[in-house]
Amino acid sequence: MKVLQVTGNQKLTGSIRISGAKNSAVALIPATLLSTGTTTICNIPDILDIDVLEKTLEYLNVDVKRASGSILIDTTNLENKPIPEELSNKLRASYYFMAVLLARFKHVEMYFPGGCQIGSRPIDQTLKAFRLLGAKITEDGCLFKMEADELKGAHIPLDMPSVGATVNAILVGVLAKGETVITNAAREPEITDLIDMLTKMGAKIEGAGTTTITIEGVESLSGTNHDIIPDRIEAGTYTIIGALLGNYLKIDNIIPEHIKALTDKLQEMGANLEIHSDYLIIDSQNKLKATDIETHEYPGFATDLQQPFTTLLTQAKGLSHLSENIYENRFMNVPYLNKMGASIHEDGKIIEISGPTKLKGKTVKATDLRAGASLLVASLIADGESEIQNIEHLLRGYEEIVEKLTNVGAKIEIKEI
Ligand code: EPU
């Protein structure tokens, strides 16, 4: 078993460069299959989720070449085959293959997608979008079979601004006949990144970054070159770490607008933060004030930063409250934080954090990706040694996390035990 061993309380100084966005990459890679050509994507993070997508592409007979930070995808020999459950259940984004294979071949079979266990994660909005675009869907346990005589543009009113359903509706809509209008669409920057790449491939899409996306279907798409945007959740996680341990710590290669909900909150709490056009500098501040947070869809406070932010709140003076509005079970880090010395009380979708509390190094478990990030932040500020188990979750989402933190002064290493 691989574990992360961390010796806490080291000041961090220097620069951390943010990688390409995981949640862009996992949509952009399947999207390349909409074209009948070769696409090169740069700033691909070297994380486990991308390894799974690469295996899935190879399974579909797609030619893939991965070099440091880039992936070249040649779809000439693409085959439409049911993706085995052991690949599709590794990550949520696997169902983007469902959309592209449906768009290209008018039929597809695929298993329910995986992803972090953070409460029920239904896909009803994606199924609704596919049905409105003309697919007939049958469900056989976890296996979905979809067929369409023709995919036709439609009005898709989403019941909630789901990221996955917005991406899936776009992926099918770009090759469907006529106009597709997605209303109540998600506005996350990763969706805008996807629309940018699809537009370069020849798609006709308007409304990126707004709640109404209008697509005029085209006959075919061609390959292109694309650079992924920086990962706002990775940027946010290191900014939180900087607020606790930074000594003129530079978080480089960011789009400040994408993490504004976080930096606004940090400034309100009294953090020492200088924001520049594509980087920020942060110093630790031991007089942070308690605050209240509610997670919301973009541009609100990101649910993916909620768990690392909880660790920060254990160091703020006073009572903080945090409401999780996106997922039903995203507090699995809390018992471990309490084991380390935090004082957090959970009540349904709200937690109350009383701070500041001194944290002590302990053995803890990453139950999911961002819970892992929360426990990593806790281990970095704790007295003594911590061991984080199940770190595969963490490695799914943060490129070179050990190297990046070691380079700025953290004492952290992966051990096989
Ligand atoms: N929902 C439904 N029905 C649907 C779709 C969503 O009820 O058909 C509800 C569920 O409660 C679901 C929630 O809405 O859990 C959020 O779903 P959404 O579709 O917006 O999220 P997602 O596409 O499954 C992406 C990211 C998540 C991130 C969310 C919210 C990817 C691969 N994943 O998930 O990232 O939390 O958007 O911003 O893009 C992570 O990186 O740690 C992560 C979980």
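Ligands are counted one by one from 1 in listed order, and the atoms in each one are counted from 1 as well. Note that the structure is a prediction, hence the values are computed from the model and not measured.
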Can you give me every donor-acceptor pair (side chain of residues 163-173, partner residue at least two apart or in another chain, under 3.5 Å) with its distance?
residue	atom	partner	partner atom	Å
T166	OG1	S162	O	2.6
T166	OG1	A186	N	3.0
N168	ND2	T126	OG1	3.1
N168	ND2	G164	O	3.3

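I233 and A302 make their closest contact through CD1-CB, 3.9 Å (heavy atoms, listed as atom of the first residue, atom of the second, distance). Listed here is the closest heavy atom pair of K404 and S19: NZ-OG, 2.7 Å.
For E147 and K145, the salt-bridge test fails: no basic side-chain N is under 4.0 Å from an acidic carboxylate O. A salt bridge does not link E58 to K55: none of the charged side-chain nitrogens sits closer than 4.0 Å to a carboxylate oxygen. Between D63 and K65, at least one side-chain N (NZ, or NE/NH1/NH2) sits under 4.0 Å from a carboxylate O, which counts as a salt bridge.
An N or O contact shorter than 3.5 Å is missing between A165 and ligand 1 by distance. An N or O contact shorter than 3.5 Å links N23 to ligand 1 by distance. Of the polar atoms of T303, none of the N or O atoms is found under 3.5 Å from an N or O of ligand 1, judged by distance alone.
Taking every non-hydrogen atom of R121 and a distance limit under 4.0 Å, the qualifying atoms of ligand 1 come out as 15 (O), 24 (O), 34 (O), 44 (C). Those atoms of ligand 1 with a heavy atom of D304 less than 4.0 angstrom away are 27 (C), 28 (C), 35 (O), 36 (O), 40 (C), 41 (O), 42 (O), 43 (C), 44 (C). Near G164, meaning under 4.0 Å from one of its heavy atoms, ligand 1 places the atoms 19 (O), 23 (O). Atom numbering of ligand 1 starts at 1 in the shown order; those under 4.0 Å from a heavy atom of R92 are 24 (O).
At a 4.0 Å heavy-atom cut-off, ligand 1 touches R370 through the side chain alone. With a 4.0 Å cut-off on non-hydrogen atoms, M160 touches ligand 1 through its side chain and not its backbone. Here R330 has side-chain heavy atoms under 4.0 Å from ligand 1, and that is the only part of it that gets that close. Of all the heavy atoms of L369, the ones lying under 4.0 Å from any atom of ligand 1 belong exclusively to the side chain. When non-hydrogen atoms are compared, ligand 1 lies under 4.0 Å from neither the backbone nor the side chain of D368.
By the 4.0 Å heavy-atom criterion, K22 is counted among the residues contacting ligand 1.
Closest heavy-atom approach to atom 4 (C) of ligand 1 within the set P122, A21, S24: this belongs to P122. For atom 30 (C) of ligand 1, the candidate residues are Y95, Y327, Y298; the nearest heavy-atom contact is made by Y327.
Under the 6.0 Å distance and 45° angle rule, K81 counts as a cation-pi partner of Y59.
In terms of the side-chain contact (heavy atoms from CB on, under 4.5 Å) criterion, residue partners of Q389 (sequence neighbours excluded) are, by chain and number, M1, V3, T363, K365, E387.
Side-chain rings of F301 and F309 approach one another, their centers coming within less than 6.0 Å.
Using modelled atom types, one side-chain atom of N325 and one backbone atom of T295 make a donor-acceptor pair closer than 3.5 Å.
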